[in-house]
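Keep in mind the model is a prediction, meaning the values are calculated, not measured. Letters A, B, ... are given to chains in the order of the sequence lines, protein chains preceding strands, and every chain is numbered from 1.
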There are 2 protein chains.
Amino acid sequence: MLPFHGGQRQDVIFLTIKEIAQLAGVSVATVSRTINHQGKASPEVQKRVWDIMKKYDYVPNATGRSLRTTRTGMVLVLLPLLSNSFYSPIVEGIDHAARQQGYNIIVATIQMDRATEDRYLSLVRMRQVDGLISLSSTLSTAEIQAFGQQHPFVIACECPQDARISCVEIDNYKAGYDAATSLIRRGHKRIAMINFDYVSLSPPLREKGFRKALKDAGITPDESLILHTEQFDIESGAASCEKLLSLPEPPTAVFCYSDPLAIGMIHALAAHGLHAGKDMEIIGFDNTDVAGVFLPGITSVAQPTFDIGVTAFGLLREKMLDLNSTPKRVTLPHTIVYRDTAKEPK
Amino acid sequence: MLPFHGGQRQDVIFLTIKEIAQLAGVSVATVSRTINHQGKASPEVQKRVWDIMKKYDYVPNATGRSLRTTRTGMVLVLLPLLSNSFYSPIVEGIDHAARQQGYNIIVATIQMDRATEDRYLSLVRMRQVDGLISLSSTLSTAEIQAFGQQHPFVIACECPQDARISCVEIDNYKAGYDAATSLIRRGHKRIAMINFDYVSLSPPLREKGFRKALKDAGITPDESLILHTEQFDIESGAASCEKLLSLPEPPTAVFCYSDPLAIGMIHALAAHGLHAGKDMEIIGFDNTDVAGVFLPGITSVAQPTFDIGVTAFGLLREKMLDLNSTPKRVTLPHTIVYRDTAKEPK
DNA sequence: TCTCTGAAGGTAATCGTTTTCCTTTTTTCT
DNA sequence: AGAAAAAAGGAAAACGATTACCTTCAGAGA
């Protein structure tokens with residue numbers, strides 16, 4: 001628990017509802033009711049109050065209001081980091097939905113650091129915000145569930161299977177299956193996967209789907225073609241590419257866990273005088289904006305990011321209205337955006 | 001002014017300081033003083049209070065606290081949009097500095113929409129946050145100044161020349177001068193500039209610096225080589241490139257207002273079978289993360305983003321401590337990061 | 001004329017803290 | 001030992017809104 005050293009703002013004068021009431025010659029109740037459009041006051045009185053408020057540039061104090069109503073109108077969104085264009089449209093979706101219900105969202109990054117995450121979780125506990133949407137958490141399943149029991153809390157994109165909490169995500173198993181199938185239908189037989197190996201939930205699911213697709217097509221997965229990296233960044237992609245190229249029989253297509261991995265692949269191929277899309281087909285994941293901008297354009301599995309955001313807020317809203325409502329689990333459909341590095345089959 | 005419909009959170013029970021006091025057999029004053037490390041209570045009493053708080057998982061209510069102290073410990077950061085990697089490190093810098101002073105930052109995007117911006121400005125007016133750092137505003141100079149007089153408010157990156165308000169930015173004139181000079185020293189004589197033409201403050205400054213560098217080198221700026229675009233995106237870059245290539249005597253080097261413009265140039269060159277860095281040298285701006293990732297690597301003018309963030313919070317802190325302190329204007333140094341599209345001179 | 005109803009509006013309690021005064025007890029100094 | 005000072009802790013007044021409850025008054029219906 002942090003100490004709190006109050007530093008006042010005594011330097012600027014501003015009016016309270018009491019003074020507005022005095023100036024308008026009515027009671028504070030009437031002013032409050034006027035502000036909140038609760039009728040009760042006659043039109044003439046309301047007009048007088050509005051005029052005074054405008055004249056003196058009155059703005060109600062959010063803190064006083066929140067204390068009384070036990071609601072702040074703010075929702076916290078936690079991201080791992082800001083500089084990942086995958087999250088932006090999700091946040092926009094949340095914001096869009098929140099705004100329609102009169103909420104403001106605030107965004108904070110946890111930098112995948114537990115202490116930082118705790119600092120922001122305590123904003124919820126202290127009721128400085130009304131609810132929380134987390135796009136990536138360092139919490140254990142048990143902790144997630146416990147927190148969700150105490151506060152409106154929704155998870156997007158990385159939902160623990162067994163936590164009783166509202167969440168929204170794509171079907172990662174199916175996404176892996178679809179990506180592999182797409183490459184198979186292009187005629188590839190030796191297909192690699194570069195997977196992310198951190199304690200994260202989606203990688204094993206995508207890999208399972210990937211393997212199943214191969215088996216369904218009568219291809220036995222070659223373990224030397226399934227690599228795991230500790231980061232999903234460009235360097236890891238390049239390193240993995242080198243490994244694959246040094247095999248006696250390199251793959252002709254690769255499914256990457258992320259777009260940066262795909263970019264690393266392309267870099268490494270270029271260093272060998274090879275071209276992604278011609279000498280090797282590549283599919284990335286998340287359809288981040290660089291995928292559409294890169295040369296060559298990167299084929300990528302796209303998540304319905306904006307909808308994920310909208311849905312997440314909807315789920316949170318239910319929880320804010322009734323904390324005891326039963327948690328919902330929503331799955332949204334993904335797509336594959338075909339560009340240069342892997343053409344559309346057929 | 002928005003009405004406010006209180007929706008209660010009656011469903012979950014939690015303790016107040018009063019109940020903690022009762023359970024510990026002390027007064028609320030003692031509990032409060034213990035929480036805030038204000039001494040006064042004996043060590044034994046303090047321990048008893050901490051134990052009770054831990055046992056019952058007590059967390060002080062931020063709203064009650066804020067109402068009394070007139071401070072929320074939150075600072076609002078306004079961005080144009082989230083999906084621009086230029087802003088991320090600035091926000092990280094702000095966050096870093098804020099954290100050291102016990103503040104939390106919250107990020108919101110204004111989507112370059114006045115109504116949206118107003119909604120967030122009213123968070124400041126309602127005192128739901130203690131201060132505001134804006135990385136891009138749709139407000140007029142007069143409005144900016146007025147707001148800065150009433151609330152702690154700092155601007156970063158795009159500071160109106162004549163507003164009396166604290167701000168931090170680079171020297172855009174010098175940045176334009178340096179970029180041009182770099183190309184001149186590489187031996188180029190026909191140097192183009194693709195500038196941004198929106199009501200923004202930095203474009204004319206950078207252009208002035210660009211022109212001055214040419215003149216200082218004895219080169220008369222060729223007006224057909226100085227283009228203005230309404231967006232600073234990839235499409236505009238490609239379109240501008242086409243224009244330049246269709247000239248009787250195309251330039252051999254280009255200075256772009258942004259990295260996306262540079263990427264557009266590269267795309268268009270590639271479409272003509274030309275290579276950026278070989279057939280034409282290109283310098284972008286902001287050193288966004290795609291610049292380092294792209295093939296070829298994009299040479300770009302880099303702003304000291306993290307430091308801009310740290311400095312911005314420092315300036316805001318001064319204003320939060322004393323709203324009447326005289327505004328400061330800070331200029332930080334830029335650099336040029338050389339990659340493939342324009343080699344370092346000499 | 002009398003009662004009843006609804007509208008208009010005021011009074012004061014309340015939300016959960018922090019902090020200003022107090023009072024009481026203990027320690028220190030002479 | 002006695003006075004002064006310091007330490008420990010409590011009671012209650014803020015902070016600025018919302019709202020439950022009450023009062024007054026005008027008009028309707030009998």
Checklist outcome for this item: Between CD of B:Q46 and P of D:dA7 the distance, given in whole Å, is 14 Å
Item to check | Under-4.0 Å side-chain N/O to phosphate OP1/OP2 contact, B:S42 with D:dG9 | outcome: yes
Checklist entry - If each of B:R33 and B:I17 is mapped to the nucleotide of DNA chain C with the nearest heavy atom, which maps nearer the 5' terminus, i.e. the 5' end? => result B:I17
Item to check | Heavy-atom pair with the smallest gap, counting every atom of B:D51 and B:K47 | outcome: OD2-NZ, 2.6 Å
Item to check | N or O in side chain of A:Y58 less than 4.0 angstrom from D:dG16 OP1/OP2 | outcome: no
Next on the checklist: With salt bridge (Lys or Arg N to Asp or Glu O under 4.0 Å) as the rule and sequence neighbours excluded, what pairs involving residues 91-102 of chain A come up?
Outcome noted: A:D95-A:R99
Next on the checklist: Taking only side-chain N and O atoms of A:N36, does any of them lie within less than 4.0 angstrom of OP1 or OP2 on D:dT18?
Outcome noted: yes
Item to check | Spacing of CG belonging to A:N61 relative to CE belonging to B:M126, to within rounding of 0.5 Å | outcome: 7.5 Å
Checklist entry - In whole angstroms, how far is the C1' atom of C:dT19 from the CZ atom of B:R71? => result 16 Å
Checklist entry - Is there any salt bridge (Lys or Arg N to Asp or Glu O under 4.0 Å) pair reaching into residues 135-162 of chain A, and which pairs are they, with sequence neighbours excluded? => result A:R114-A:E143
Item to check | Whole angstrom value for the distance that separates P of C:dG9 from CD1 of A:I35 | outcome: 16 Å
Item to check | Heavy-atom donor-acceptor pair, B:R68 side-chain to C:dT18 base, under 3.5 Å | outcome: yes
Item to check | Protein proximity profile, nucleotides 22-28 of chain C - base contact B, sugar-phosphate-only contact S, no contact -, cut-off 4.0 Å on heavy atoms | outcome: -------
Next on the checklist: Do A:I90 and A:C157 have side chains that approach each other closer than 4.5 Å (heavy atoms only, starting at C-beta)?
Outcome noted: yes
Checklist outcome for this item: Atom CD of B:Q128 and atom C1' of D:dA17 are separated, to the nearest Å, by 13 Å
Item to check | B:T63 backbone acceptor or donor facing A:Q128 side chain under 3.5 Å | outcome: no
Next on the checklist: Under 4.0 Å, counting only non-hydrogen atoms across every strand here, what does A:V28 touch: a base, just sugar-phosphate, or nothing?
Outcome noted: base
Checklist entry - Which part of the nucleic acid does A:A29 contact within heavy-atom distance under 4.0 Å: base, sugar-phosphate only, or nothing? => result base
Next on the checklist: Could you walk me through whether B:F313 and B:H96 satisfy the ring-ring contact (aromatic ring centres under 6.0 Å, His included) test, starting with their C-alpha distance in whole Å, then the side-chain angles of each, then the deciding distance to 0.1 Å, before giving a yes or no?
Outcome noted: CA-CA 9 Å; B:F313 185 82; B:H96 176 82; over 10 Å; no
Checklist entry - Which whole-number value in Å describes the distance from A:M53 CE to D:dA17 P? => result 11 Å
Checklist entry - Can you pull the ring-ring contact (aromatic ring centres under 6.0 Å, His included) pairs that have at least one residue in residues 108-139 of chain A, sequence neighbours excluded? => result none
Next on the checklist: Both B:T30 and B:L67 contact DNA chain C. Which one's nearest nucleotide lies toward the 5' end?
Outcome noted: B:L67
Item to check | Length of the CD-P vector between B:E44 and D:dA8, whole Å | outcome: 9 Å
Next on the checklist: For B:T116 and B:Q111, which I'm curious about, is there any donor-acceptor pair between the side chains at under 3.5 Å?
Outcome noted: no
Item to check | Atom-pair distance (CD1 on A:I20; P on D:dG16), nearest Å | outcome: 13 Å
Checklist entry - Any side-chain N or O of B:R65 under 4.0 Å from OP1/OP2 of C:dG16? => result no
Item to check | Distance, rounded to the nearest Å, where B:L15 contributes CG and C:dC15 contributes P | outcome: 14 Å
Next on the checklist: Within the 4.0 Å heavy-atom criterion, would you say A:T16 contacts the bases, only the backbone, or no part of the nucleic acid?
Outcome noted: sugar-phosphate
Item to check | Five-pair end axes of the helix from C:dT1-D:dA30 to C:dT30-D:dA1 and the angle they enclose, rounded to 10° | outcome: 40°
Next on the checklist: Tell me every residue that passes side chain to side chain contact (heavy atoms under 4.5 Å, CB included) with B:K328, counting only those two or more places apart in sequence or in another chain.
Outcome noted: B:S166, B:L315, B:E318
